[in-house]
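Report on the structure given below.
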Amino acid sequence: MRTCLATFVVCGLIGWATSLAHATNLQVLYAFDRTTAQAHQEIKERFEKENPDITVEFLTAAQNYEDASQSIIRSAMIGDLPDVTFQGLNLLRSLVDRDIAVPLDPFIVHDGGAGKLGYDAAMLRAGGLNGKTFGIPFAVSTPLLYLNADLVRAAGIDINAFPTRWQDIVALGKKIDDPGRNIVGFYFQWDITGNWMFQSLLFANGGSMMSPDEKAIAFDQPPGKAALETLELFAKAKMPNLPTSQSRSAFMAGRIGIFADSSSNLGTAIRQVGKSFELRTLRFPLGVADGRLPAGGNLAVMLTRDLQKQAAAWKYIRFATGPVGQTIMARHTGYLPSNSIAINTPELLGDFYKANANFQANIAQVPILTGWYAFPGPNAVKIIDVIKGHTEAVVTGKKTADETMPALTADVRKLLE
Amino acid sequence: MSAVNAPSYDASSRQPDGIRQVRALPRRRPGEVFAAVALAGPAMALLLVLFILPVVAIVAVAVTDWQFGTRSLNFIGLANFRAIFADDIFLASLRNTAIYVSIVMPGTVLGGLAIALLIESGDSLRGFYRAIHFLPFMATLAAMATVWEALLHPTIGLVNNTFAAVGLPTANWLRDETTVLPVLAVIGIWQNLGFAMVLFLAGLKSIPQDLYDAADIDGADQWLDRLITVTLPMLGPIAMFVVVVVALRAFEAFDTVQILTQGGPGHASELLLHTLYRESFEFLRAGYGAAITVVFLVIAITLTLIQARLIDKRVHYQ
Amino acid sequence: MAAISLDRLSKRYGGNPVLDAVSLDIQDGEFLTLLGPSGCGKSTLLRVIAGLESQDSGGVAIGGVAVDGLRPKQRDVAMVFQSYALYPHMTVAANMALPLKMRRLTLLQRLPIVCRLLARTRATLRQIEEDVRRTAAALEIEHVLDRKPGQLSGGQRQRVAVGRAMVRRPSVFLMDEPLSNLDAKLRVTMRAEIKELHRRLGVTFVYVTHDQAEAMTLSDRVAVMLDGKLRQVGRPLEIYADPAERRVAEFIGSPKITMIEARVGEGGQVHVGSRLLPIETAQPPGSLIVLGIRPEAFTLVAPGAEGELLAGRVRLVEHLGSDLYIHLEGAGQAEPVIARLDAAQAPHIGIGEQIHLAVHAERMLLFASDGRRIRAATDRRPVAVVSGLRAAARAEYAR
């Protein structure tokens, strides 16, 4: 009996030591989104096939970018960080400020530079802070108008001559409204995390959140006021208050006519809608000709400081943000790839995008993308919540834009001190 | 005990000046001291580690500006406390919590008492009724909250469908500012009812039947008279305990808020513990969150002390 | 009139008959004790009279009126419980006032604030206070009126319980072993007080106890209950001297009566062992009977003296100061024989000694093998008067 046990233990030890010597295990964290999960899964499988000595282990996916970010910060405190994470674009700052993210420039340079790897300069900017690159965009989204073409046409509207001003769009929405059949004409998903949709309205009007030197608040300027007034417009049109889960499923079930939402849901929408109605996408209305839009989505960030693991982690990040990985990602989800090689190569994504017209609007907005803004200082996350509270008051009709702007400015200013 | 001199009372043992022989104190054996430490030690250690030290740590963090995850912090005195009492959201949270507790506590106590009285007065199926009323208390609130969310869905939820069928007004229960807090309170009552019921049942069983007989003979034989003359006064100690515990449980409500409303809409369902959690772990403002925690602790302790003092005076122990 | 009449009351708990066709007439103003061991059903009978429990069959009438469907408060009875059942959260005054308040005020008038507002209610309350004070004074508990029961001694609590019953001036007083929770000395004092109370109030008292000393000293009549049936009802001395059955004889009397087996010989003569006794009985020859002899019926005699009944070895000597009890073993008996002797003889009797006892024939009680009391042919005493029984039952007990 005792010899049996001893043999068992020795065998186990040998096996474990062998596995140690040969395979490196990478722990990866990302925020949950059903389609993203599928993309990650396929990328992992392809990567492990090409790199048999590296295994990728996904930690339990977080609910959203904020939860993932908090989880990273907590893990940093106890020294139990994953090796790679896919951090929300506007939350990169909190990792950099806490010295958790590892700069990727040395790795990029070592492998031939951004151009060779297919990284667009503008994209890399999105992951850059303090002069260093801390993250490479993995999946990018833009704000989009989704249309249920059947409902729109049934209300007697010509899609090709679709209006580009919010008042007109809202008016159209009212025409499509049909409470009897539980149909909502127009819905604006204002509560996407990180005040993203508010920033969309603001940037589309040519405004910005803060001054370039980040010393003064800039959203209280006319573009900001216009953004709040647009929200007020929605409230006056009696837009309902639906959480994301309900509104997205409602649209895919064909019960919303015009839906302003992130392009991240495009892949799912195309698949779910199928042939039940005709799905069309349009560009987000811009308030001024040179308006911009905030890039949504997440970046691949390296967290591990162990040299051997870093080599493996870089291989994984390069693969995931490389042509193959990005192709997989873009085909599964509706996110835009950051890799120009992927976009331009016909076999990868070039033909795919030509064939699927609904992605065109998304791609067309790439040139006007700018960063998803995060406030400086320790109260950044709180400010997001404060802005959300105020915009909620406007969008649900509790307060007017005029009375909200001063209060909003004052609250944010207090938190920036 | 042979080492001890017992006091003797006959005159012969008296000292000349009349002082009587005093008994020598037995010396403590070292074994006794060791036993005392060994027996009380683990509990003391746990008390220290799980309760006293964290409280001290929280108070310490509350006077700093520590950000969750950073490595440095500065002492800022009472700035955090000033900040929270100037923050509308915190004040709203405080107000909401007060309203919530003031609905849940009486509701649970009275509901639990009523159910206990009804069960005790019946003859059949007592075990069955006890079990089904106690189940909500045993179920994980997080899982139950998800079920409640489905029930309260504005279009396909059972609650609205039933109300519409019987002609009662329907609403978007969790997204309407006026209804969200009462609805959360109802869920809170639902969950705690079984607990109050079980305690009251125990209390009812301990009331001697003799008192009811005496009440019958004295003329207090209607249910209301029996209640006022015998049942309620005899439930005094139990009632005090239930009130305190239920109030504290209501005060600590978190799961339902986190899962169902996340404090919305517009901070209408923000409760103290949830605000504390968000500030500390979502906004990463640990110092600020610690200040809220200190306020929370102070309120909880005050609540307990007040109730113990007030009700203790009128408690009737046999 | 508050005579109580019980007609064939029966009650079963599950399969056990707790009351078995109990019939009894209690006269107005009488002090009747229900005496019996634990579990004999006497408390149940009391509760049935009170209305706290209902019988399965049979009727109860108080003052000539059938009260079977009436609630306790409508029967005009008051009860003192073994545990006193005082409301612990009320003062003594409130305890005693409660029955009066329940009777004289409506629910509305009893509400705490209202009662102070209405003039008529205030007047009634004052009257109630007065009644309570008077009763308390009579029981000498006026000085504890403001205390709660938890702060009183056992004796005081007992008085409060009595006071609460008294204050209503009921026509029937029911007492369920009220003295059991008191210490021995207090019990003796309270016994006298209860007797005095009965004399003063003059109402019907029904008293339940297992203590025969209480039964003997307090009652006008005693009803002995065993196993749910009434075995004998009569004056205390009758029960003692003239028991109707063996079990009654064994229950009453302390120390316990001695039972000696005997045989009936030719012509109705009684033999104990080899001795022939100077009594005769109508029992058939060859049957076995039992002789019951009370401890005080024995006399010490010299060996072989005339009338000697039995002899035995002294096993235990109990000297109570006033009495001397000798426990004898042997003498052909399974259980020790207990004899009461003159205290002066104590120094002469030691343990292990052989002594001889005699009994006068007239003091022997004869019982058949089934427990029934039988009269010796020479017994000229009149039939025990068992008053209050119906004619049919009377015949049963006359033999």
Side-chain angles (χ1 to χ4, degrees), chain B residues 106 109-110 113-114 116-117 120-124 126 199-200 202-244 307-318, chain C residues 43 46-47 49-54 70-91 94-108 110-112 148-151 157 160-161 163-165 167-168 170 172-178 181:
Chain B
V109 173
L110 294 175
L113 181 59
L117 286 172
E120 268 308 287
S121 66
D123 287 323
S124 57
R126 274 193 200 176
L199 289 175
F200 279 126
L204 284 175
K205 284 206 194 298
S206 72
I207 301 179
Q209 180 64 23
D210 267 359
L211 287 182
Y212 287 115
D213 291 340
D216 275 352
I217 298 216
D218 285 340
D221 57 2
Q222 297 302 314
W223 68 270
L224 188 58
D225 286 326
R226 283 164 71 105
L227 206 61
I228 302 175
T229 314
V230 180
T231 315
L232 291 182
M234 293 304 289
L235 284 179
I238 290 282
M240 171 196 114
F241 179 73
V242 174
V243 162
V244 170
Q307 284 172 330
R309 193 72 64 85
L310 234 183
I311 304 180
D312 200 35
K313 286 194 197 143
R314 294 149 81 201
V315 147
H316 319 290
Y317 294 102
Q318 295 213 301
Chain C
S43 288
L46 197 73
R47 291 169 67 88
I49 298 176
L52 294 171
E53 289 183 29
S54 54
L70 295 183
R71 317 190 60 129
K73 73 175 177 189
Q74 295 163 309
R75 298 193 185 195
D76 199 22
V77 299
M79 191 152 162
V80 178
F81 295 84
Q82 185 176 356
S83 65
Y84 315 131
L86 299 176
Y87 306 114
H89 56 286
M90 297 186 193
T91 61
N95 261 282
M96 290 175 65
L98 186 77
L100 297 178
K101 279 194 191 160
M102 286 294 160
R103 272 198 161 175
R104 300 183 194 170
L105 300 174
T106 65
L107 179 61
L108 190 62
R110 268 183 272 129
L111 292 175
K148 296 238 176 81
Q151 300 162 301
R157 274 188 230 162
V160 174
R164 185 176 63 179
V167 82
R168 298 176 40 191
V172 176
F173 242 84
L174 304 171
M175 294 186 143
D176 189 353
E177 306 203 37
N181 291 354

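Throughout, a chain's letter reflects where its sequence line sits, starting with A, and its residues are numbered from 1.
- For C/Arg75, no part lies near chain B; criterion is any non-hydrogen pair under 4.5 Å.
- Closest heavy-atom contact between B/Ile217 and C/Pro72: CA-CB, 4.1 Å.
- Comparing C/Val77, C/Val80, C/Leu52 by heavy-atom pairs within less than 4.5 Å of chain B, the highest count is held by C/Leu52.
- Note that CG of B/Asp213 is 8.0 Å distant from CD of C/Glu53, once rounded to the nearest 0.5 Å.
- Counting heavy-atom pairs under 4.5 Å between each of B/Ala214, B/Ala220, B/Ala215 and chain C puts B/Ala214 at the top.
- No donor-acceptor pair closer than 3.5 Å links the side chain of C/Tyr87 to the backbone N or O of B/Pro233.
- Counting only heavy atoms from C-beta outward, the side chains of C/Phe81 and B/Leu211 never approach each other to under 4.5 Å.
- Using a 4.5 Å heavy-atom threshold, the side chains of C/Lys73 and B/Asp218 count as separate.
- Taking C/Pro149, C/Ser83, C/Ala161, C/Gly150 one by one and counting their heavy-atom pairs under 4.5 Å with chain B, the maximum is reached by C/Ser83.
- Contact annotation: the side chain of C/Met102 approaches that of B/Thr229 to within less than 4.5 Å [non-hydrogen atoms, C-beta and beyond].
- Ranking C/Arg103, C/Arg47, C/Lys101 against chain B, the residue ahead of the rest is C/Arg47, based on heavy-atom pairs under 4.5 Å.
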